[in-house]
Amino acid sequence: MSDIGERVKKIVVEHLGVEADKVTDNASFIDDLGADSLDNVELVMAFEEEFGVEIPDDAAETIQTVGDAIRFIDANSN
Amino acid sequence: MRRVVVTGLGMVSPLGCGVDTTWKRLIAGESGANTITKFDTSDLPCKIACDVPLEGEGAFNRDDWMDPKESKRVDEFIVYAVSAATQALSDAGWKPSTEDERCRTGTLIGSGIGGLQGIADTALILHEKGPRRVSPFFITGRLINLASGYVSIQHGLKGPNHSVVTACSTGAHAIGDAARLIALDDADVMVAGGTESAISRIGIAGFAACRALSTSYNDTPTKASRPYDKDRDGFVMGEGAGVVVLEEYEHAKARGAKIYGEIVGYGLSGDAYHITAPAEDGDGGFRSMQAALKRAGISPSDLDYVNAHGTSTMADTIELGAVTRLLGNAVEKVSMSSTKSSIGHLLGAAGAVEAIFCLLAMRDSKLPPTLNLDNPSVETKMDLVPNVARDKEVNYALSNSFGFGGTNASLVMRKVD
């Protein structure tokens, strides 16, 4: 879990160009980290690539925060 | 019609990032040609290009112009355009701050090809990994009009947001069309020009396949671009962007802006002949120049300098023939040079960069040279400014651009006292 969390946060920092200390579990991609809907699509693709998981569109829509992403990946990756 | 003047210049070229750096090196007779090192050329017939320097004098640093988060999503032609536009607006001292100023300032930046590298890369991703790996920024980072789009967003320009795609005539058409938008009162200020970043494996392969590129000078890149010389064998691909700030004359005067020159003539024509070759009699180019002079209300003998399309291909003599026909008895009075001998062919950016050179020739009374012109392939009475820059007062200059598809554009610029 903590390893997944660190890797997710690293991806978020790289893709959104935000400070690492802002990328907390409760941070919302759109409200707190300045992402727009296209940024979210790119982030989901980066998570899929990094963790070898598939994140269907309906699941992607429920991933609103950094913590949501970590929990989804933790539950669905091998 | 309202008068249109140029009040700001910006450039990214193979001689460096910035107008001053490029102009100084151009006048010094330097070449921007190099051996290509950024990708494998072992199986390509052409191994040279005029690339934008990333180190040394005039080094281009993309992070100086765009947020890295944005710039990694777009092809280089967009970053070049944003850089040149930002330079030009800063040079013009024009920073629209009221809503009215923003709505009266527009963008019209074109490109010949757009995001060739990104399209090639993404095609491989699609093939190897499938559509779910295609980036949501694939389209927006490749579309030609996104050069204008990014400039508009970055500088808050809410006037006409337009673009043009006419191969190697793009830059000239962009400036000409943008000037008309101002003349017709659709805007007071336009940020206009062209941009290109086609130096890629697929770009070189494509232009080599249609036999357009120089292939005999791979060991001596700076000798390859040699317009009008009998040993020329094709163009050398360049990259970069040229952007000008065009402004309605009274608007510029009222705010005390410096004025580089006035856009007094703009002519357009079509060859209706062949997809890559100009018509043998050069009639398309002739009519384009003639239309520009008519709009300017001057006769050919009023011209002092022509910046030729002059790509270092067989078409050079066709253009020279058309210019000679246009000038008639004035042929000995007018000078013509091809700056592609120094910076290569910037394709969609060429017309804009070369219009800027015309304006600088006026400002400094200095003609940039045609490098490597050792043995002209035809007899001419015209001064082609071989190899060394020359002092000459320039009151009227004409810039030619001719593109694949038989699309021609000519701009006439006048010094403003």
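Convention: sequence-line order gives letters A, B, ...; per-chain numbering from 1.
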Closest contact, heavy atoms only, [X] versus [Y]:
X      : Y     : value
B/P136 : A/M45 : CD-SD, 3.7 Å
B/R132 : A/D57 : NH1-OD1, 4.5 Å
B/R73  : A/E42 : NH2-OE1, 3.3 Å

Quick check: are there more than 12 heavy atoms from other residues, nucleotides or ligands sitting under 6.0 Å from [atom1] of [X]?
X      : atom1 : result
B/I119 : CD1   : yes
B/K95  : NZ    : no
A/K22  : NZ    : no
B/K38  : NZ    : yes

Quick one: what part of A/E14 sits under 4.5 Å from any heavy atom of chain B, side chain, backbone, both or neither?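 For A/E14, the contact with chain B is made by the backbone alone.
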Can you list the steps and then say if A/E48 with B/R133 is a side chain to side chain contact (heavy atoms under 4.5 Å, CB included)? CA-CA 9 Å; A/E48 289 184 330; B/R133 286 290 167 270; 3.0 Å; yes
